[in-house]
Visitor: 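Here it is: the structure, laid out below.
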Protein chains: 2
Amino acid sequence: MSEKEFLENYDIHEFDVPLCTVDMAVFSLIENQLNVLLVYRDEHPCKERWALPGGFIDLNKDKSPEAAAHRKLKEKTGLGSAYLEQVETIGSPKRDARGWSLTVLYYALVDITRVTLPKVGKKTVWMPLSELKPRSLAFDHGKLIDVAMKRLRSKATYTALPIELMPAEFTLTELQHLFEMILARDLQAKAFRNRVMSANMVEETGGSKISGKRPAKLYRSTKVDRDTYFSRPLQS
Amino acid sequence: MSEKEFLENYDIHEFDVPLCTVDMAVFSLIENQLNVLLVYRDEHPCKERWALPGGFIDLNKDKSPEAAAHRKLKEKTGLGSAYLEQVETIGSPKRDARGWSLTVLYYALVDITRVTLPKVGKKTVWMPLSELKPRSLAFDHGKLIDVAMKRLRSKATYTALPIELMPAEFTLTELQHLFEMILARDLQAKAFRNRVMSANMVEETGGSKISGKRPAKLYRSTKVDRDTYFSRPLQS
DNA sequence: GCAATAGTGTCTCTTAGACAGTATGCG
DNA sequence: CGCATACTGTCTAAGAGACACTATTGC
């Protein structure tokens with residue numbers, strides 16, 4: 001039998017296959033708090049619970065799982081581009097009541113000032129991580145957020161990735177606070193600034209920001225490769 | 001409609017789903033060379049070409065993609081346990097002639113002295129990476145090996161993971177050679193030994209090995225968590 | 001002794017961490 | 001001025017990199 005004949009006779013439904021989805025933890029920084037985007041489910045299963053944005057790969061629209069994730073990010077935030085990284089693929093017979101289910105988990109870091117939540121369609125909401133009740137979410141999405149958060153935390157120790165969460169202009173103190181929140185520990189201002197400055201990841205805008213006391217210089221992030229690692233990681 | 005009713009009426013085949021597989025790059029060290037395990041395909045598609053071990057997730061047998069990977073590793077190497085890590089999930093409409101296909105890629109590090117290749121069933125072979133012709137492999141498996149190898153290289157800069165490839169007893173010079181091969185650069189003996197010793201990743205067995213000249217002390221790996229990172233990565 | 005491989009002493013350099021000190025604004 | 005926040009000077013510690021040096025074997 002030739003390959004051509006084989007393919008003509010191949011029945012893609014001969015064997016049971018898992019349900020196959022893409023899910024995303026979209027993180028943003030709102031009022032000095034890390035938030036994650038949630039979508040309200042008004043269909044079964046897990047009807048009337050909050051879930052991560054995501055869903056089935058559309059075999060007609062999507063050329064790759066990344067493409068599916070980008071499409072969903074665009075639908076929910078209006079962002080055509082943002083930092084997006086695959087975290088892990090998680091599957092089990094139990095995680096979805098419909099059957100054996102596999103999800104490719106991504107996380108995205110977005111600048112909240114550039115986001116426009118959809119006016120129509122499903123309800124979407126920014127949930128502060130500090131107020132999140134992981135057990136209340138649909139499926140195993142509480143656990144997925146935890147996995148994504150662990151990855152972000154790990155990355156924050158050896159890259160400047162969290163800078164993607166900042167608005168166009170920001171102060172180094174604000175950036176340090178963000179890292180401290182992600183790493184859940186205090187950082188030394190001097191060491192942090194040396195690190196960020198010597199990596200040329202930011203440049204002065206010339207402006208400054210007064211928050212009551214001494215004004216802080218404003219910076220913007222330079223377009224440096226996000227995958228360039230610091231030569232030494234932070235502790236923890 | 002209740003969730004129960006919804007599930008009773010849910011047709012898992014209502015939408016097209018991707019083909020969903022697990023593939024593994026199993027690495028071993030044979031005669032000071034990195035090898036990868038290949039399996040001969042005697043069925044379409046990609047008939048009569050070499051491929052990574054892998055295949056469809058068995059919804060009845062496998063409780064997770066990891067479980068599927070472990071099952072396939074056991075089938076091909078006889079090993080019930082080995083270091084196994086998920087690398088990335090790769091999918092596209094083109095990578096498999098049968099249709100939109102998604103594969104969860106793992107890599108495994110095995111001690112070749114503990115492996116027993118199956119006597120019956122599909123032909124399996126250890127292919128030295130130096131002799132591998134990536135384009136000749138089935139599907140995109142040449143690229144998958146490259147992705148897995150990049151991950152292994154990255155890990156070798158900040159963990160002692162490659163130690164999993166060594167036999168029960170080995171010399172530090174042999175271990176250093178392994179790291180040099182993976183990283184494709186020479187390492188300083190002093191720095192390498194300091195690093196390995198101070199992390200308590202190995203302990204002396206008491207024995208020594210003569211390879212012609214001065215005998216080298218033999219070590220065994222201690223059961224340290226493979227995910228403990230060195231406080232500083234190696235360059236490159 | 002010589003060759004070859006195993007293993008060490010010691011120096012430099014970079015950078016995180018610590019912490020006290022200075023700078024600049026407002027009331 | 002006092003106080004709060006922004007930012008710096010300077011020291012220490014750890015560990016990688018470099019490289020010359022010593023150690024132990026067979027012949």
Side-chain angles (χ1 to χ4, degrees), chain A residues 32 153-160 162 166 169-180 182-219 228-236, chain B residues 32 153-160 166 169-180 182-220 228-236:
Chain A
N32 285 319
R153 182 168 296 140
S154 169
K155 284 259 170 172
T157 65
Y158 58 94
T159 72
M166 300 302 279
E169 301 197 343
F170 52 88
T171 72
L172 290 189
T173 303
E174 288 165 350
L175 186 61
Q176 182 180 338
H177 284 340
L178 172 59
F179 273 80
E180 288 174 337
I182 293 171
L183 296 173
R185 75 178 186 100
D186 286 351
L187 297 174
Q188 293 285 328
K190 191 67 204 300
F192 181 79
R193 298 167 102 89
N194 282 346
R195 194 175 162 92
V196 171
M197 299 308 289
S198 68
N200 290 314
M201 310 222 75
V202 297
E203 60 188 12
E204 289 187 32
T205 67
S208 61
K209 177 175 183 173
I210 298 102
S211 57
K213 309 299 168 180
R214 172 176 172 176
K217 283 184 184 169
L218 283 170
Y219 294 81
T228 53
Y229 292 177
F230 289 109
S231 61
R232 285 190 217 175
L234 296 169
Q235 276 183 10
S236 136
Chain B
N32 286 316
R153 182 168 295 138
S154 169
K155 283 260 169 170
T157 65
Y158 59 92
T159 72
M166 300 303 279
E169 302 198 341
F170 52 88
T171 71
L172 290 189
T173 304
E174 289 166 350
L175 186 61
Q176 183 180 338
H177 283 341
L178 171 60
F179 274 79
E180 289 175 336
I182 293 171
L183 297 173
R185 76 178 185 98
D186 287 351
L187 297 174
Q188 294 284 330
K190 190 65 203 301
F192 181 78
R193 297 168 102 89
N194 282 346
R195 193 174 162 92
V196 170
M197 298 308 290
S198 68
N200 289 317
M201 311 224 73
V202 297
E203 61 189 11
E204 289 187 33
T205 66
S208 61
K209 178 175 183 173
I210 298 103
S211 57
K213 308 299 170 182
R214 173 175 172 177
K217 283 183 184 168
L218 283 170
Y219 294 81
R220 74 173 68 88
T228 53
Y229 292 178
F230 289 108
S231 62
R232 285 193 218 172
L234 296 169
Q235 277 184 8
S236 134

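Proteins get letters first, then strands, A, B, ... in listed order; numbering begins at 1 in each.
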Visitor: For Q188(B) and dA18(D), is the shortest distance between a side-chain N/O and OP1 or OP2 below 4.0 Å?
Guide: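 Answer is yes, contact under 4.0 Å.
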
Visitor: Atom CZ of R193(B) and atom P of dA16(D): how far apart are they, to the nearest Å?
Guide: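 Interatomic distance, CZ of R193(B) to P of dA16(D): 15 Å.
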
Visitor: Does dA14(D) have OP1 or OP2 sitting under 4.0 Å from an N or O in the side chain of S231(B)?
Guide: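 Answer is no, no contact under 4.0 Å.
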
Visitor: Does this structure show an ion pair linking E174(B) with K209(B), if we count only N-O contacts that are shorter than 4.0 Å?
Guide: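 Here E174(B) pairs with K209(B) in a salt bridge, since their nearest N and O are under 4.0 Å apart.
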
Visitor: Quickly work out the L218(A) CG to dA6(D) P distance and round it to whole Å.
Guide: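 Whole-Å distance recorded here is 11 Å.
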
Visitor: Might you point out which heavy atoms bring K155(B) and Y229(B) nearest each other, and give the distance in Å?
Guide: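 The pair with the smallest heavy-atom distance is NZ-OH, 4.1 Å.
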
Visitor: Whole angstrom is fine here: how far is it from NZ in K213(B) over to P in dG7(C)?
Guide: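 It works out to 16 Å between those atoms.
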
Visitor: Each nucleotide N or O in nucleotides 9-13 of chain C that has a protein N or O under 3.5 Å away: list the pair and distance.
Guide:
from, atom 1, to, atom 2, distance (Å)
dG9(C), N7, K190(B), NZ, 3.0

Visitor: Is a side-chain donor or acceptor of E204(B) paired with a backbone partner of K217(B) at a separation under 3.5 angstrom?
Guide: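 Not a single qualifying donor-acceptor pair exists.
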
Visitor: For Q176(B) and dG17(D), give me the distance from atom CD to atom C1', rounded to whole Å.
Guide: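 My rounded result for the distance is 13 Å.
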
Visitor: Can you tell me how far the OG1 atom of T205(B) sits from the CD atom of E169(B), to the nearest 0.5 Å?
Guide: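 Reported value, rounded in 0.5 Å steps: 4.0 Å.
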
Visitor: Which residue lies toward the 5' end of DNA chain D, T171(A) or A191(B), if each is placed at its nearest nucleotide?
Guide: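 The residue mapped nearer the 5' terminus is T171(A).
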
Visitor: Using atom types as modelled and distance alone, determine if a side-chain donor or acceptor of R195(B) lies under 3.5 Å from a backbone N or O of R232(B).
Guide: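 Yes: the side chain of R195(B) pairs with the backbone of R232(B).
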
Visitor: Using whole Å, report how far CD of E204(A) lies from C1' of dC7(D).
Guide: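 In whole Å, dC7(D) C1' lies 12 Å from E204(A) CD.
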
Visitor: Quick one: is dG17(D) close enough that its OP1 or OP2 comes under 4.0 Å of any side-chain N or O from R185(B)?
Guide: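 Checking dG17(D) against R185(B), a side-chain N or O does come within under 4.0 Å of OP1 or OP2.
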
Visitor: To the nearest 0.5 Å, what is the distance between OG1 (T159(A)) and CZ (F230(A))?
Guide: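 T159(A) atom OG1 to F230(A) atom CZ measures 7.5 Å (nearest 0.5 Å).
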
Visitor: Just how far, in rounded Å, is C1' of dG27(C) from CD1 of I210(A)?
Guide: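 So the two atoms are 15 Å apart, to the nearest Å.
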
Visitor: Mind calculating the distance between CE (M197(B)) and P (dG15(D)) to the nearest angstrom?
Guide: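 So the two atoms are 15 Å apart, to the nearest Å.
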
Visitor: Of the listed nucleotides (dT24(D), dG17(D), dG17(C)), which one gets closest to any side-chain atom of L234(A)?
Guide: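 From the listed options, dG17(C) comes nearest.
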
Visitor: Rounded to the nearest Å, what distance is computed from the NZ atom of residue K209(A) to the P atom of nucleotide dC26(C)?
Guide: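 K209(A) atom NZ is separated from dC26(C) atom P by 16 Å.
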
Visitor: Just call it for A216(A): base, sugar-phosphate, or nothing, with non-hydrogen atoms closer than 4.0 Å on any strand.
Guide: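 Counting heavy atoms under 4.0 Å across all strands, the contact made by A216(A) is with sugar-phosphate only.
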
Visitor: Are the side chain of R153(B) and the backbone N or O of I182(B) linked by a donor-acceptor pair below 3.5 Å?
Guide: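 Present.
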
Visitor: Select one nucleotide: of dA18(C), dT24(D), dA16(D), the one nearest the side-chain heavy atoms of R214(B).
Guide: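 Out of dA18(C), dT24(D), dA16(D), the nucleotide with an atom closest to R214(B)'s side chain is dT24(D).
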
